[in-house]
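Scroll down for the structure; my scribbles are underneath it.
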Amino acid sequence: MDELLQQIEAYRKEVEGYEISNLQQLEEFRIKFLGSKGLTKSLFSEMKNVPSEKKKEFGQVLNEFKQLAEEKFENAKELTTDNKLSAKEDLDLSLPGDAVQIGSRHPVTLVRNRIVSIFQRLGFSVADGPEIEDDWHNFTALNLPQNHPARDMQDTFYIHQNPDWLLRTHTSNVQIREMEKGRLPIRIICPGRVYRNETISARSHCFFHQVEGLYIDENVSFADLKQTLYFFVQEMFGKDVKVRFRPSYFPFTEPSAEMDVSCFICGGKGCRICKQTGWVEILGCGMVHPKVLENCGIDSNKYTGYAFGMGIERPALLLYDINDIRLFSENDARFLRQFGTAT
Ligand code: 2NL
């Protein structure tokens with residue numbers, strides 16, 4: 001009996017000092033002390049050899065030992081599985097890593113970023129505004145008469161619950177809001193999504209993207225407008241690009257013009273894209289109408305300014321040789337992946 005108790009004492013010390021730092025050691029411990037052929041089991045089977053007056057004491061000591069071994073096992077199990085001590089041995093740092101699929105920029109984003117960064121280098125800041133707008137900021141402040149066709153339900157999405165609200169048809173609303181703040185001078189570039197009630201086809205969609213620009217200060221002239229836009233297209237399409245301005249009409253600018261660049265597909269020789277003319281229209285522009293300045297609380301005798309607006313999808317279609325505008329909004333990863341990860 002004393003021998004048995006000494007034996008248990010020795011096992012107890014062994015259990016206490018047993019080092020378990022991975023799953024394999026954990027399993028070895030379990031088999032040795034708690035398994036069906038383990039030490040605890042075999043000590044219990046000694047019970048029949050213990051004299052009956054000592055059975056109680058032996059049973060107590062043995063139960064305490066069993067409890068100790070079980071606690072040790074449970075604690076070690078938590079540590080080895082939770083803290084992944086076993087990972088030390090399972091981790092093979094020489095294996096190739098799991099490939100993470102990184103996305104790619106949307107072609108419209110790529111073109112927008114190029115446009116925006118050219119103007120940022122000229123000192124323009126990016127400005128942002130709401131896509132759901134009121135009639136004043138989208139139309140009236142811009143000198144669009146009440147009967148202007150753009151206001152027609154056929155062309156603009158109105159919000160049912162309140163016909164004063166609509167989905168903006170250009171990003172000019174951002175510029176109006178900036179002018180209303182009354183901090184001059186203003187030099188901003190306004191990229192964003194705009195909406196028009198058009199039949200969806202390969203060439204046009206009911207939402208698309210625009211970049212508009214606005215520069216207001218004392219003594220801003222049409223010459224500033226021309227030179228700034230000329231610099232822009234040279235950066236965008238290359239130093240060899242030619243430009244031409246054609247007189248045009250917008251209610252919010254006077255004078256107004258449309259700017260063409262020599263076709264960046266055929267270099268001006270004439271092709272399918274430029275319809276054999278050698279020119280591609282890329283933006284509309286003009287000097288901000290005095291009425292628009294006054295509508296925003298700006299003194300039109302002291303200040304002048306120019307503004308311009310261009311779509312992003314059209315040039316993006318041409319630059320990437322894409323034949324259907326609907327591909328831009330279908331979110332087909334096979335389409336989007338083609339444009340790399342670039343800037
Ligand atoms: C086009 C023409 C243009 C503007 C946009 C503008 C904004 C304010 C005042 C005056 Cl707040 N003008 N924007 C001016 C001329 C043309 O866009 O064809 N866009 C795609």
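Remember, it's 1-based here, ligands and their atoms both numbered in the order they're listed.
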#### Entry: Atom indices of ligand 1 within 4.0 angstrom of Glu212 heavy atoms, with elements
4 (C), 5 (C), 6 (C), 7 (C), 13 (N)
### Query
Among all protein non-hydrogen atoms, which one is nearest to atom 9 (C) of ligand 1, and what is the separation to 0.1 Å?
Leu142 CD2, 3.9 Å
### Query
Hey, does Asp135 have a side-chain heavy atom less than 4.5 Å from the side chain of Arg151?
yes
### Task
Determine, using ring centers only, whether Tyr306 and Phe222 are less than 6.0 Å apart.
no
### Query
Any idea which protein heavy atom is nearest atom 11 (Cl) of ligand 1, and the distance to it?
Gln175 CB, 3.4 Å
### Query
Between Asn138 and Ser172, does any side-chain donor sit less than 3.5 Å from a side-chain acceptor?
no
### Region of His289 that comes within reach of ligand 1 [heavy atoms, distance under 4.0 Å]
neither
### Summary
Contact region, His170 to ligand 1, non-hydrogen atoms below 4.0 Å, reads neither
### Message
How about NZ on Lys291, more than 12 heavy atoms from neighbouring residues, nucleotides or ligands closer than 6.0 Å, or not?
### Response
no
### Query
When you look for heavy atoms under 4.0 Å from ligand 1, do you find them on the side chain of Glu258, its backbone, both, or neither?
neither
### Query
Which residue and non-hydrogen atom of the protein lie closest to atom 1 (C) of ligand 1, and at what distance in Å?
Gly309 O, 3.4 Å
### Query
Does Leu283 reach ligand 1, in the sense of a heavy atom lying below 4.0 Å from it?
no
### Task
Report, in ascending order of atom number, the atoms of ligand 1 lying under 4.0 Å from any heavy atom of Met179.
11 (Cl)
### Task
Establish, yes or no, whether a centroid distance under 6.0 Å links the rings of Phe308 and Phe119.
yes
### Message
If we set the cut-off at 4.0 Å for heavy atoms, which region of Phe252 has an atom near ligand 1: side chain, backbone, both, or neither?
### Response
both
### Query
Is the ring centre of Phe264 less than 6.0 Å from the ring centre of Phe237?
yes
### Task
Measure from NZ or CZ of Arg187 to the centre of the six-membered ring of Tyr215, then state whether that distance is under 6.0 Å and the direction lies within 45° of the axis.
yes
### Task
Could you see which bit of Cys285 sits under 4.0 Å from ligand 1, with heavy atoms only: side chain, backbone, both or neither?
backbone
#### Entry: Atoms in ligand 1 flagged as close to Thr253, the criterion being non-hydrogen separation under 4.0 Å
10 (C), 12 (N), 14 (C), 15 (C)
### Query
Which atoms from ligand 1 have a heavy atom of Gln210 less than 4.0 Å away?
19 (N), 20 (C)
#### Entry: atom 12 (N) of ligand 1: the protein heavy-atom neighbour that sits closest, reported with distance to 0.1 Å
Ala307 CB, 3.2 Å
### Query
Counting heavy atoms not belonging to Leu5, are there more than 12 under 6.0 Å from its CG?
yes
### Query
In terms of heavy-atom contacts, does CG of Asn49 have more than 12 from other residues, nucleotides or ligands at under 6.0 Å?
yes
### Query
Quick check: are there more than 12 heavy atoms from other residues, nucleotides or ligands sitting under 6.0 Å from CG of Asp240?
no
#### Entry: ligand 1-proximal atoms of Leu214, by part, heavy-atom distance under 4.0 Å
neither
